[in-house]
Amino acid sequence: MTVISTPQPALPVRDKAATRALSPMLTRLAEERATGVLVREHGVLHLAEGRVVHAESPLAPGLDVLLTAHGTLAAAAWQQAAARAPGPPHAAEHLLRSGVLPTGALELCHLDALYDAGYFALAPSSTPGRFRYDHAPRLGPLPSVPVVALERETLRRRLLLHRLWPDPAADSAPLIRADPAAGRAPGAPVTPRQRAVLDRVDGLRTATDIARNLGRQAFHTLVDVRRLTAAGWIAPAPTAAAPPAPPPYQVTTDPDIALLKRLRDALEAL
Amino acid sequence: MPGIDECLLEAMRLPGARGAALVDWTSGLALGTVGEAPGGDHETTAAEAAELARMAAEHGTFSAGGGGLPPVEDVIISNGDSYHLLRFVDTSFDSSVFLHLWLGREEGNLALARIRLGEMASRLVLG
């Protein structure tokens, strides 16, 4: 029996030589050991003494969703902790002190949520970030992350997604089922975790919606979405809005251009 | 109840332990590290160990027969001078993490380490 499949690209290792900062402002804040809240287009980072203690993004499920989706924590228990805390970052500390969750589980979920939201908070943005000096964030009992570690991990994650499938369109668009025969690796087996994602693709949900529905980290969901896209199981839904009028001097109106682009991307990814 | 660091330090008390880490196998991120890493680099080690763990976790060949059991418990690699023991951590929330213990072959006791690492993985998330 011959099984032909495209090997999965290896997980990237951070390039130590790369010193490119994702946000010069963030680098400066880390250097001056600033405490406050950095608001960027796609998310918020809470800094205490120059370290990231909490991150939030509308594109990533928060700690509350991760903990309550599978019954790790009752929704009422989270609401109780949140009500007693001045903000979400402190709710987790309340949970830790109250002992309703094992320390390791809470630390793990906290770090998962921090790196997950941090990935989106540090995504390229079209507007400059704003920093508000604020004494609320502080180094508490839960683990914090150096700014440079979050930046490097975010770059590594971008590279990982790019290697899996270079087109980011599926990250944010509603997803539709596609014909796997058209994929880069037709017949690639769907793993149980990918199956859960695939089952929720309904033409309306985006990767973020699916992550929330599954109570799963958004970046983890993007990894499966890009793999499923590469294998041809899913595709970003074509945008419903009417295409913009072509520029007056454009002569290429070949309807196959999108297909060619996709083919080029796939070849580059090989 | 132990946190991540306490759990890794406990793993380092096993005879022959050289290094330990808690790694996410989807992203390849080390969420905690202690001791040495092969080649001196915990990040590379985490990314490579994550590849191995993902293959084991995601391919049905290595899975238990169902009945609510976690698909895979451990992955064990032995070489001329050391053992690598990867222990999947079964969390009640959605995650994809494992403990990675690097053991010197001379002093290490693989059977003991496997039992202890399994206990540590449970205590980490169950208290």
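By convention in this document, chain letters (A, B, ...) are assigned in the order of the sequence lines, proteins followed by strands, and residues within each chain are numbered from 1. Everything numeric here is computed off the predicted structure, so don't read it as measured data. Both backbone and side-chain heavy atoms feed into the values below; hydrogens, waters and symmetry mates do not.
A:P12 and B:A47 make their closest contact through O-CB, 4.0 Å (heavy atoms, listed as atom of the first residue, atom of the second, distance). When all heavy atoms are compared, the tightest approach of B:D94 to A:R193 is OD1-NH2, 3.0 Å. Between A:T103 and B:G3, the shortest heavy-atom contact is CG2-CA, 3.9 Å.
Proximity to chain A is limited to the side chain of B:T91, based on heavy atoms less than 4.5 angstrom apart. Contact of A:R216 with chain B is made through backbone and side chain together, with heavy-atom distances under 4.5 Å. Using a 4.5 Å cut-off between heavy atoms, A:L66 contacts chain B through its backbone alone, with no side-chain atom that close.
Here salt bridge (Lys or Arg N to Asp or Glu O under 4.0 Å) pairs that include residues 98-119 of chain A, with residues two or more places apart or in two chains, number zero. Sorted by first and then second residue, the ring pair (Phe, Tyr, Trp, His ring centres under 6.0 Å) pairs involving residues 38-61 of chain B (not counting sequence neighbours) form an empty list.
Residues B:D24 and A:L111 are not in side-chain contact: their nearest non-hydrogen atoms beyond the backbone lie 4.5 Å or more apart. Using a 4.5 Å cut-off on side-chain heavy atoms (C-beta onward), B:S27 and A:E153 make contact. Residues A:L73 and B:F93 are not in side-chain contact: their nearest non-hydrogen atoms beyond the backbone lie 4.5 Å or more apart. Between A:R156 and B:L29 there is a side-chain heavy-atom pair separated by less than 4.5 Å.
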One pair to check against side-chain contact (heavy atoms from CB on, under 4.5 Å): B:V97 and A:L108. What are the steps and the verdict?
CA-CA 9 Å; B:V97 291; A:L108 174 56; 3.7 Å; yes
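If you take CG on B:L31 and OH on A:Y115, they are separated by 7.0 Å, rounding to the nearest 0.5 Å. Between the CG atom of A:L11 and the OG1 atom of B:T44 there is a distance of 11.5 Å, given to the nearest 0.5 Å.
Enclosure of atom CZ in B:R116 is not indicated, since only 12 or fewer non-hydrogen atoms of other residues, nucleotides or ligands lie within 6.0 angstrom. Residue-environment remark: CZ (A:R97) exceeds the threshold of 12 foreign heavy atoms within 6.0 Å.
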